[in-house]
Amino acid sequence: MGIVKISDQMHENLRVASNALSRSINAQAEHWMRIGMLAELHPNLDHSDICQLLIRAEQAGGFDLETVAASVAAKPGHSGRRVQ
C-alpha cells in the first residue's frame with residue numbers, strides 16, 4: 001500500500017461520492033481507479049460492460065488484470081467489441 005497525492009478538488013469529489021454511495025473515501029478512489037483502468041484497457045466497453053467484468057472477476061477470485069483478461073476472453077461470443 002502506498003500514499004497517492006491528489007488535488008484538494010479531487011479529494012472533495014471523492015468525499016462527496018463516497019458519502020453518496022456509502023463507501024469509504026479509499027474504497028471510492030479504488031473503485032474509480034478500477035473503472036478508469038479498465039476503460040483505458042478496453043475502450044470499446046461501456047460502463048455497464050466494465051461493471052459486469054468487475055463482477056465476473058470477483059466471482060473468479062478477485063480483481064487483478066489476469067482475471068479480468070481471462071473474463072473478457074472467456075465470454076461466449078466475445079468479438080472484441082462488447083461484453084454482455
Side-chain angles (χ1 to χ4, degrees):
M1 182 188 317
I3 295 175
V4 176
K5 292 189 177 203
I6 60 173
S7 68
D8 290 340
Q9 183 60 53
M10 180 56 73
H11 190 271
E12 180 61 17
N13 293 340
L14 279 165
R15 188 191 64 72
V16 170
S18 68
N19 284 338
L21 299 172
S22 299
R23 295 180 176 134
S24 70
I25 290 176
N26 288 346
Q28 183 64 43
E30 187 169 338
H31 174 72
W32 281 350
M33 286 187 277
R34 286 178 179 174
I35 297 293
M37 180 174 56
L38 290 171
E40 286 186 351
L41 292 172
H42 304 282
N44 54 316
L45 302 180
D46 63 23
H47 184 261
S48 177
D49 295 331
I50 290 171
C51 289
Q52 289 175 29
L53 276 178
L54 289 171
I55 291 168
R56 284 198 305 272
E58 187 61 33
Q59 290 172 331
F63 178 84
D64 62 59
L65 289 179
E66 189 173 326
T67 303
V68 172
S71 180
V72 171
K75 184 66 182 161
H78 178 63
S79 65
R81 172 124 174 88
R82 288 187 52 116
V83 175
Q84 296 185 357

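Sequence neighbours left out, the pairs with a member in residues 2-11 that pass side chain to side chain donor-acceptor pair (under 3.5 Å) are Gln9-Asn13. Applying the side chain to side chain donor-acceptor pair (under 3.5 Å) test to pairs two or more places apart or on separate chains, those with a residue in residues 29-38 are Glu30-Arg34.
Between Asn26 and Leu14, every side-chain heavy-atom pair lies at or beyond the 4.5 Å cut-off. The closest side-chain heavy-atom distance from Leu38 to Leu45 is not below 4.5 Å.
Cluster annotation: Leu41 is connected to Ile50 through the hydrophobic network of ILVMFWY side chains, with a link wherever side-chain heavy atoms come within less than 4.5 Å. By the rule that hydrophobic residues join a cluster once side-chain heavy atoms approach within less than 4.5 Å of another member, Leu21 and Ile25 end up as members of separate clusters. Cluster annotation: Met10 and Val16 are assigned to distinct hydrophobic clusters (Ile/Leu/Val/Met/Phe/Trp/Tyr, side-chain heavy-atom contacts under 4.5 Å, transitive). Cluster membership check: Met37 shares its hydrophobic cluster with Ile35, using side-chain heavy-atom separations under 4.5 Å among Ile, Leu, Val, Met, Phe, Trp and Tyr.
Here Leu54 contributes atom CG and Gln59 contributes atom CD; the two are 11.5 Å apart, rounded to the nearest 0.5 Å.
Gln28 and Ser18 make their closest contact through CB-CB, 3.8 Å (heavy atoms, listed as atom of the first residue, atom of the second, distance).
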